[in-house]
Amino acid sequence: MSGPLYVPVLPTRPHAAEAFRRLWPDVRAVIRPLWNLPPLPGAAPEALGTVVAQYVDRVSAVSRRGGWLDAPFGEDAQTAALAEALALYCAWGWLLPVTGPERTGAQQAAAVETARRCLRGLGVRVRVTGEWDGRLGEDVRGLLARTGPEVPVDLLLDMGAVLDDRPDAGKEALRALDALMPLTAWRNAVLLGGAFPRVTADMVEQGRCEAGRAEWRMWHEVRATGRAYAPLLGYGDYGVQSPNALAQAPAPGRKGGPPWGVLRYTTGSTYLFVKTLTRGADRIAVNRGAARRIVESPEFRGAGAGPGEEWLSDCANGPLSTGEGVGGPTEWLRAGNLQHMTYVVRSLPGG
């Protein structure tokens, strides 16, 4: 079993696709994203091909080395049309279809059929957001039986939000892996989790806040158990967004939004976020000051560490006479994911 060094769970949004594109080539080469289509509530099946293309064309173009493509929020009435639309990117691109034990029979069948036609494999995404339920193992066994041995399968064990309020996440991951790993000869097995919290105004009232990287601790806890599969277990996370962000439906033309945002930075054990402003007379000074708080912190890895750090350094050192380079929510997310993905790759064995 050998596979990607790092699997980030990313939305099929422009900021994520652009961040992945801007990674240094050696970093991008060892990453295989799990791309997630957002909810498309009420989208008519006959229009889904066009809608899906608006989201997936961009990520397919930057995923030349592969990855997975999932539509976890698809409505039952959209199953057939979504499967047809996504199959195009699996057939002509390098992305693999995804299913899971909790999906409908129709979605499972469609994903398996796409995998059989495309001949490159199938992602089996098993979600464990609380305690491990042994019935999931039996459901996965049944799914694998219907898939057949001719289709290579990848286990994507998704623990969802792994914050400090889930101290037993490592134990639950082990229970799941102990049940799932013997079911088949998985081509890849990856442990996924997200520990970046949903940032609220109260959290950044003082300008700066930190949160623990609980999903990073979980992965190391599992790797340290001595299980035969542990050294081969891949690492994945949700980047610098809360897992709940994936479930946000698009709102075309939406204006407004909060008057504040955050710059994000990843350290060895924490996520650091610093308040920024989206509008107001003090926006330039506050945003450059926020970047300086990161750049001048002991954890900052230097402007040469990657394109995310370079952007932060340029923002911090820009003139107060112009707002050019201070960014907005999209740029802040992009820079956050750039520094995060680069740092994760450099932190992993072999990175």
Which word best sums up how the rings of Tyr235 and Trp216 line up, parallel for under 30°, tilted for 30 to 60°, or perpendicular for over 60°?
perpendicular
Flag the pair Leu122 / Leu96 as yes when at least one side-chain heavy-atom distance between them is below 4.5 Å, and no otherwise.
no
Under the 6.0 Å and 45° cation-pi test, does Arg213 pair with Tyr271?
yes
Atom pair CD/NZ of Glu205 and Lys275 - distance to nearest 0.5 Å:
7.5 Å
Is there a side-chain hydrogen bond (donor to acceptor under 3.5 Å, both in side chains) between Asn36 and Arg125? Walk through the geometry before answering.
CA-CA 12 Å; Asn36 289 252; Arg125 189 174 186 175; 2.7 Å; yes
If you measure from the Lys or Arg side-chain nitrogens to the Asp or Glu carboxylate oxygens, is any gap between Glu221 and Arg217 under 4.0 Å?
no
Side chains of Asp158 and Val126: does their closest heavy-atom pair fall under 4.5 Å?
no
Nearest-0.5 Å distance, CG of residue Leu86 to CG of residue Leu37:
6.5 Å
Are the side chain of Glu215 and the backbone N or O of Ala195 linked by a donor-acceptor pair below 3.5 Å?
yes
same_hphob_cluster(Leu156, Trp132) at 4.5 Å side-chain heavy-atom cutoff:
no
Would you check if Tyr238 and Leu10 make a side-chain contact, meaning some heavy-atom pair closer than 4.5 Å?
no
Side chains of Leu177 and Arg227: does their closest heavy-atom pair fall under 4.5 Å?
no
Tyr55 meets the ring-ring contact (aromatic ring centres under 6.0 Å, His included) criterion, sequence neighbours left out, with none
Can you list everything that forms a side chain to side chain donor-acceptor pair (under 3.5 Å) with Trp332? Sequence neighbours excluded, please.
none
Excluding sequence neighbours, so at least two apart, what forms side chain to side chain donor-acceptor pair (under 3.5 Å) with Arg175?
Glu172
Mind listing the closest non-hydrogen atom pair of Thr322 and Arg288 along with its distance?
O-NH2, 3.0 Å
Pro258 backbone acceptor or donor facing Thr278 side chain under 3.5 Å
yes
In terms of heavy-atom contacts, Arg28 and Arg21 come closest through NH1-O, 2.9 Å
Nearest heavy-atom contact between Pro349 and Leu5 is O-CD1, 3.2 Å
Tell me, do Leu312 and Leu263 make a side-chain contact under 4.5 Å, heavy atoms counted?
yes
Test item: Arg187 side-chain N/O and Asp154 main-chain N/O as donor-acceptor pair under 3.5 Å
no
Distance col, row Gln248:CD vs Arg13:CZ, nearest 0.5 angstrom, shows 6.0 Å
Heavy-atom donor-acceptor pair, Trp219 side chain to Gly234 backbone, under 3.5 Å
yes
For the residue pair Thr114 and Cys90, what are the closest heavy atoms and their distance?
CG2-CB, 3.8 Å
In this structure, would Met181 and Leu144 fall into the same cluster of hydrophobic residues linked by side-chain contacts under 4.5 Å?
yes
Under-4.0 Å salt bridge between Asp70 and Arg103
yes
Identify whether Leu180 and Leu34 are in the same connected component of the hydrophobic contact network (ILVMFWY, side-chain heavy atoms under 4.5 Å).
no
Please say whether more than 12 non-hydrogen atoms of neighbouring residues, nucleotides or ligands are located less than 6.0 Å from CZ in Arg146.
yes
Please indicate whether Glu331 has more than 12 foreign heavy atoms, meaning atoms of other residues, nucleotides or ligands, lying under 6.0 Å from its CD.
yes
Pairwise side-chain contact, Pro4 with Asn188, heavy-atom cut-off 4.5 Å (strictly under)
yes
Hits for side chain to side chain contact (heavy atoms under 4.5 Å, CB included) against Ala110, two or more places apart or cross-chain, chain-then-number order -> Ala83
Check the pair Tyr6 / Val30 against side-chain contact (heavy atoms from CB on, under 4.5 Å), numbers first and verdict last.
CA-CA 7 Å; Tyr6 172 40; Val30 295; 5.8 Å; no
Which residue pairs pass the ring-ring contact (aromatic ring centres under 6.0 Å, His included) test with at least one member in residues 56-100, sequence neighbours excluded?
none
Quick one: does any side-chain atom of Arg223 pair with a main-chain N or O of Pro231 as donor and acceptor, under 3.5 Å?
yes
Do we get Arg208 above Phe273's six-membered ring, with its NZ or CZ under 6.0 Å from the centre and within 45° of the axis?
no
With hydrophobic residues grouped by side-chain heavy-atom distances under 4.5 Å, do Val190 and Val98 end up in a single group?
yes
Qualifying residue, where the test is side-chain hydrogen bond (donor to acceptor under 3.5 Å, both in side chains) with Tyr265 and the options are Glu309, His340, Gln339
Glu309
Contact summary for Gly42 and Gln78, nearest pair of heavy atoms:
N-NE2, 4.2 Å
Do Ser60 and Ser63 get their side chains close enough for a donor-acceptor pair, meaning under 3.5 Å?
no
What heavy-atom pair brings Thr12 and Pro38 nearest, and what distance separates the two atoms?
OG1-CD, 3.4 Å
List the steps and the verdict of side-chain contact (heavy atoms from CB on, under 4.5 Å) for Ile31 and Leu23.
CA-CA 10 Å; Ile31 298 176; Leu23 289 168; 3.8 Å; yes
Looking at Leu246, is its backbone amide N or carbonyl O close enough to the side chain of Gln241 to form a donor-acceptor pair, meaning the two atoms are under 3.5 Å apart?
no
Under the criterion side-chain contact (heavy atoms from CB on, under 4.5 Å), I'd like the reasoning laid out for His15 against Glu18: C-alpha separation, chi angles, the key distance, then a yes or no.
CA-CA 5 Å; His15 72 81; Glu18 185 64 11; 5.9 Å; no
If we only count heavy atoms from C-beta on, is the Met159 to Leu157 side-chain gap below 4.5 Å?
yes
For the side chain of Thr276 and the backbone of Val262, is there at least one donor-acceptor N/O pair under 3.5 Å apart?
yes
Set out, in order, the CA-CA distance, both residues' side-chain angles and the distance that settles side-chain contact (heavy atoms from CB on, under 4.5 Å) for Ile294 and Arg264, then state yes or no.
CA-CA 9 Å; Ile294 294 176; Arg264 303 155 171 88; over 6 Å; no
Greater than 12 external heavy atoms within 6.0 Å of Glu113's CD
yes
How many angstroms lie between atom CG of Leu174 and atom CE of Met218, to the nearest 0.5 angstrom?
10.0 Å
Any non-hydrogen side-chain atom of Thr270 less than 4.5 Å from a side-chain atom of Thr267?
yes
Donor-acceptor contact below 3.5 Å, side chain Thr225 vs main chain Val222
yes
Please check this pair: side chain of Asp139 against backbone of Glu102, looking for a donor-acceptor N/O pair closer than 3.5 Å.
no
Report yes or no: do Phe196 and Leu272 belong to one cluster of Ile/Leu/Val/Met/Phe/Trp/Tyr joined by side chain heavy-atom distances under 4.5 Å?
no
Is there a donor-acceptor pair closer than 3.5 Å between any side-chain N or O of Arg283 and the backbone N or O of Leu277?
no
Excluding sequence neighbours, so at least two apart, what forms side chain to side chain contact (heavy atoms under 4.5 Å, CB included) with Trp24?
Asp26, Val27, Pro307, Arg346
Verify salt bridge (Lys or Arg N to Asp or Glu O under 4.0 Å) between Arg116 and Glu150, making sure each step is shown before the conclusion.
CA-CA 8 Å; Arg116 285 177 176 158; Glu150 69 276 10; 3.6 Å; yes
